[in-house]
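The block underneath contains the structure these notes are about, expressed in C-alpha cells.
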2 protein chains.
Amino acid sequence: MTPLPDDLRLDRRRKAIIAAARELFVEQGYERATLAEIVTRAGGSLATVYKLFGNKDQLLEAVVFESAGSGEAVIREAAAAGLAPVPTLHRIAKGLHEHFLDPEVIALVRIVIARSISDPQFARQFFERTANPTRDALETVFARWQADGVAMDGTPGFLAEMFMGLFVSDLQTQAISHGLGISPLPDRLQERTNFFIAAAGINQLAESAA
Amino acid sequence: MTPLPDDLRLDRRRKAIIAAARELFVEQGYERATLAEIVTRAGGSLATVYKLFGNKDQLLEAVVFESAGSGEAVIREAAAAGLAPVPTLHRIAKGLHEHFLDPEVIALVRIVIARSISDPQFARQFFERTANPTRDALETVFARWQADGVAMDGTPGFLAEMFMGLFVSDLQTQAISHGLGISPLPDRLQERTNFFIAAAGINQLAESAA
DNA sequence: GCGAAGGTGTAATGATCATTACACCATTGT
DNA sequence: ACAATGGTGTAATGATCATTACACCTTCGC
C-alpha cells in the first residue's frame, strides 16, 4: 500500500497530508473535517490527496493505522526493569494510563467507534492492532511471573483481560463520557492497581526472578 | 418538554415518531438516518416532526433520553431477593450484562460517543442518566452490606466503580470493537464476578442480613 | 536549455439531505 | 352541517462537501 520508494517528493507529500488530516480529524472528527481544509493545512493540492489515498475513507484508514500505537513498549520496559511484580504493575498502570488516555488517542477512538456503525471491520482491525498487542504483552509478563513461582489466581490471559478492563476500557469510557479533564488522578490509579493485585492474589512480597 | 397533555393525537404522533426514529438510528446511526425515512416509517408528515421536535438534533435527544434506561431496577431486584452477597453479585452481574449489552443499547452508545466529538454535553448527560444511577444503586447495596457486617475491602463507592468498570465499560468496549457476537458467555461472566469478589475481599460465606 | 512526468489551483459537477413553504384534507366541538 | 385547528403530502430551497476535470506550473534527467 506504500509503493514508489523511488520518489521522495511523493513520500514527503504523503506525510504532510497524513499529519494535517490527523490534526483535523482529532480536532473535528471525521465527518466535519473537510478535504479542502486538510489540503489547506498540508499545502499542495486536492488532486494529490486523491492520487495518494483514493478517497476520504482510505485517508482515514491510513491516518488511524499509522497513528495508533499499542501499549506494548510501555509494558516491556516496565517488565525489563527487573522490579518485583507489585511495583512493576504500578508502573505499567501508569504507563498504560498515559498512553491510552492521551487526548489524541481518545479522539481517534471516538472516530473509530463512530465509524463502527457503518464499518464494523474497521473498528475490529483498530482494536486488534492496539488493544490486542497490549493484552498479549501483559499476558506474557504474567506468564513469566507464574513460571518464576509468583503466586497468581487465574490464567495469565484472564488476568491480562481484567487488567485491560480496569486500566484501558473503563478509563477510556470515563474519558469519553466525562471529558478529558476528569481522568483519574495518580492516587486513584494506585488504588485501582491495588484492587487488581488483591483480586489476582499476588503476594505483596513476591520478588521478580528477573 | 412534553406539553399538550390535552391533545392525545399529538402524543400518539410523538410516540410513533420516536419509535421509528429510534429504530432507524439503531440500524444506521444518526448521520445516515434521514428524516424522510423516519417519516415514511412513522407515517404522518415531515412538518409534524419539526413541530414536535424542532430539528433532527433534538429528535435524537428525545430518542436517546426516552430510550436509555439504567441498571437500577436490576440491582434493586437482585438485592431485594435477600440472598447472600456472593450469589447476589452473580445475579447483578448477569442482569447488568443483559441490560447494557443489549444490541439496541450498544447502538445508542455508539451514537452518543460519535456525537461526543461535537457535543460533549450530550455524552455527559447520557452517561449521567445511565451509568451514574447504576453506580449509585450498587454503592447503596455495598454500603448496606458493610453496615450489616459483611467484610469488604474498599469504600462502597470505589467498589461500585470497579464493578462498573468490569461489567459495563469493558464489556461494552468489547461489544463495540468485536461486534456483538463475541460478548462473554455466562461462565466467563462468573469468572469475572469471582475476580471482583476476591479483590473486594468478600467472605464467600458471608450472609446477608436482609 | 528542453521536454516530460508529476504537482498545483481552481472551478465545475453531483449527490445528499436538513429545513422550509404551501396548498389541501380530517377531525372535533358546537 | 360548519368552521377551525391541526395534520398531511409534496415540492422547493440551500448548504455542504466529496469527487472529478482541466489548464497551468516546476522540477529533474538529459
Side-chain angles (χ1 to χ4, degrees), chain A residues 2-64 111 114-115 117-119 122, chain B residues 2-64 111 114-115 117-119 122:
Chain A
T2 314
L4 300 183
D6 53 315
D7 193 345
L8 285 198
R9 272 183 298 166
L10 267 188
D11 202 48
R12 231 175 293 148
R13 229 62 292 286
R14 185 191 168 82
K15 288 214 174 86
I17 292 167
I18 289 219
R22 177 190 159 102
E23 198 180 291
L24 209 65
F25 288 156
V26 163
E27 275 175 32
Q28 323 201 325
Y30 179 71
E31 309 278 358
R32 289 203 164 190
T34 71
L35 289 177
E37 173 68 17
I38 289 170
V39 166
T40 300
R41 293 198 189 184
S45 147
L46 198 46
T48 309
V49 173
Y50 278 90
K51 168 165 292 193
L52 286 173
F53 299 97
N55 58 33
K56 197 185 176 188
D57 273 29
Q58 287 175 268
L59 173 58
L60 175 66
E61 283 186 23
V63 166
V64 167
I111 290 173
R115 292 189 69 66
I117 298 169
S118 56
D119 184 358
F122 182 55
Chain B
T2 313
L4 300 183
D6 52 315
D7 194 345
L8 285 197
R9 274 184 297 168
L10 266 188
D11 202 48
R12 232 173 292 147
R13 227 69 285 290
R14 186 191 167 83
K15 288 212 175 87
I17 292 166
I18 289 218
R22 176 190 161 103
E23 198 180 292
L24 209 65
F25 287 156
V26 163
E27 275 175 32
Q28 323 201 324
Y30 179 72
E31 309 277 358
R32 289 203 165 191
T34 71
L35 290 179
E37 173 68 15
I38 289 171
V39 167
T40 300
R41 293 199 190 185
S45 150
L46 198 45
T48 308
V49 173
Y50 277 90
K51 168 165 292 192
L52 285 173
F53 299 97
N55 59 33
K56 195 185 176 187
D57 273 29
Q58 286 174 267
L59 173 58
L60 175 68
E61 283 185 23
V63 166
V64 166
I111 291 173
R115 291 190 68 66
I117 298 170
S118 56
D119 185 357
F122 183 55

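Order of the sequence lines sets the chain letters (A, B, ...), proteins ahead of strands, with each chain counted from 1. Quick caveat: nothing in here was measured; it's all calculated off a predicted structure. The figures that follow rest on heavy atoms only: side chains count, while hydrogens, waters and symmetry mates do not.
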Expected rows: protein N/O vs nucleotides 17-22 of chain D N/O, under 3.5 Å:
| from | atom 1 | to | atom 2 | distance (Å) |
| --- | --- | --- | --- | --- |
| D/dA18 | OP1 | A/Ala33 | O | 3.4 |
| D/dA18 | OP1 | A/Lys56 | NZ | 2.6 |
| D/dA18 | OP2 | A/Leu35 | N | 3.0 |
| D/dT19 | OP2 | A/Tyr50 | OH | 3.0 |
| D/dT19 | OP2 | A/Lys56 | N | 3.0 |
| D/dT19 | O5' | A/Tyr50 | OH | 3.3 |

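When the side-chain nitrogen and oxygen atoms of A/Thr48 are compared with OP1 and OP2 of C/dT8, one or more of them lie within a distance under 4.0 Å. Regarding contacts with the backbone of C/dG6, every side-chain N or O of A/Arg13 stays at 4.0 angstrom or more from both OP1 and OP2. For D/dG7, one of the phosphate oxygens OP1 or OP2 lies less than 4.0 angstrom from a side-chain nitrogen or oxygen of B/Lys51.
B/Asp57 places none of its side-chain heavy atoms less than 4.5 Å from the side chain of B/Phe122. With contacts defined as side-chain heavy-atom distances shorter than 4.5 Å, the pair A/Arg14/A/Phe53 qualifies.
Nearest heavy-atom pair, A/Gly43 versus A/Arg13, reported as atom, atom and distance to 0.1 Å: O-NH1, 3.2 Å.
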Would you tabulate the side-chain donor-acceptor contacts of residues 33-40 of chain B under 3.5 Å, counting partners in other chains and residues two or more places apart, or write 'none'?
| from | atom 1 | to | atom 2 | distance (Å) |
| --- | --- | --- | --- | --- |
| B/Thr34 | OG1 | B/Glu37 | N | 3.1 |
| B/Glu37 | OE2 | B/Arg41 | NE | 3.0 |
| B/Thr40 | OG1 | B/Ala36 | O | 3.0 |

Between A/Asn55 and A/Gln58, is a side-chain contact (heavy atoms from CB on, under 4.5 Å) present by the stated rule, with each step listed?
CA-CA 6 Å; A/Asn55 58 33; A/Gln58 287 175 268; 3.5 Å; yes
